[in-house]
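All remarks here apply to the structure that follows.
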Amino acid sequence: MRRIAHTAGQRGMTLIEIMVSLTVLGILILMGLPSFGEFLQNQQLRAATEALMNGMQVARGEAIKRNLAVQVSVGPGTGWTVTEAVTALPIQARSKNEGSPNAVVAVTPAGAAKVTFTPLGGVTANLDGSATITQLDITNPAGGACQSTGPMRCLRVTISGGGSLKMCDPNPGIATTDPRHC
């Protein structure tokens, strides 16, 4: 019978191997940083849009639940406040600093700041006679212009007269059959 002799092999890594591994890792991280920055900017846009949409949904849900007119005020920035329309009692609020510091909101019609939901979930005229918000465009000037195929994708929230809310992509390059289309 033949015996196989085991020789003591080298264990672990040498200093040169560690340095080469760290250099390769550093190069890979540097290559990914621009994409990661774009990813973070897009996440801020999405967070701001979803937060505004959430505020609208909270207001609509509370109007139905309480059987009262409930109003959501947008601003400053991406912040919002939900209150009872008649008594102005606060229900819920979000600060503009919560997760989306670079997002900017453009309201349509210009100068509008509120939406009032009826007990049936529809939209009604604001009690103070101010214009009712019908659309919110969320952009991120810090991340560059919104692009059709590029990395920065701006978003829009539309509010119909029936109280229906929709988050969509305002980019004209999106096909009308695409569910993201406004």
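Just so you know, residue 1 is the first one in the sequence shown, and it goes up from there.
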Discussion item. Apply side chain to side chain contact (heavy atoms under 4.5 Å, CB included) to residues Val123 and Thr118 and explain how you reach the verdict.
Written reply: CA-CA 6 Å; Val123 174; Thr118 67; over 6 Å; no
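Counting only distance, with no hydrogens or angles, the side chain of Thr134 and the backbone of Thr108 share a donor-acceptor pair below 3.5 Å. At least one donor-acceptor pair closer than 3.5 Å links the side chain of Arg94 to the backbone N or O of Thr78. In this structure, Trp80 contributes its side chain and Ala51 its backbone to a donor-acceptor pair below 3.5 Å.
Annotation: the span from Arg66 atom CZ to Leu89 atom CG amounts to 8.0 Å, rounded to 0.5 Å. Ile159 CD1 to Leu52 CG: the interatomic distance, rounded to the nearest 0.5 Å, is 9.0 Å.
Residues passing the side-chain hydrogen bond (donor to acceptor under 3.5 Å, both in side chains) test with Asp128, sequence neighbours excluded: Lys114, Ser130. By the side-chain hydrogen bond (donor to acceptor under 3.5 Å, both in side chains) test, Thr49 pairs with no residue at all, sequence neighbours left out.
Across Val105 and Gly77, no two heavy atoms sit closer than the pair CG2-O, 3.6 Å. A pairwise comparison of heavy atoms in Ala69 and Thr116 identifies CB-CG2, 4.1 Å as the closest pair. Closest approach of Glu84 and Thr87 over heavy atoms only: OE1-OG1, 2.8 Å. Nearest heavy-atom pair, Phe117 versus Ala59, reported as atom, atom and distance to 0.1 Å: CD1-CB, 3.8 Å.
Here the rule is side chain to side chain contact (heavy atoms under 4.5 Å, CB included) with Thr83, and of Glu62, Gln92, Gln71 only Gln71 fits it. Exactly one of Asp169, Asp137, Thr139 qualifies for a side chain to side chain donor-acceptor pair (under 3.5 Å) with Arg156. That residue is Asp137. Each of Val58, Leu136, Val157, Ile138 was checked for a side chain to side chain contact (heavy atoms under 4.5 Å, CB included) with Met53, and the lone residue meeting it is Val157.
Cluster annotation: Met167 is not connected to Val104 through the hydrophobic network of ILVMFWY side chains, with a link wherever side-chain heavy atoms come within less than 4.5 Å. Follow the hydrophobic side-chain contacts under 4.5 Å out from Ile64 and you never reach Met56; the two are in separate clusters.
Listed by chain and number, the hydrophobic cluster partners of Ile27 are Met31, where partners are ILVMFWY side chains within reach of under 4.5 Å, directly or through others.
In this structure the side chain of Val74 reaches within 4.5 angstrom of the side chain of Ile133, judged on heavy atoms. Looking at heavy atoms from C-beta onward, Val20 lies out of side-chain contact with Glu17 at the 4.5 angstrom threshold.
Between the side chains of Asn42 and Gln44, no donor-acceptor pair of N or O atoms lies under 3.5 Å. Side chains of Thr158 and Gln135: a donor-acceptor N/O pair is absent below 3.5 angstrom, by distance only.
By the neighbour-count criterion of 12 heavy atoms within 6.0 Å, atom CD1 of Ile16 is sparsely surrounded, having that number or fewer from other residues, nucleotides or ligands.
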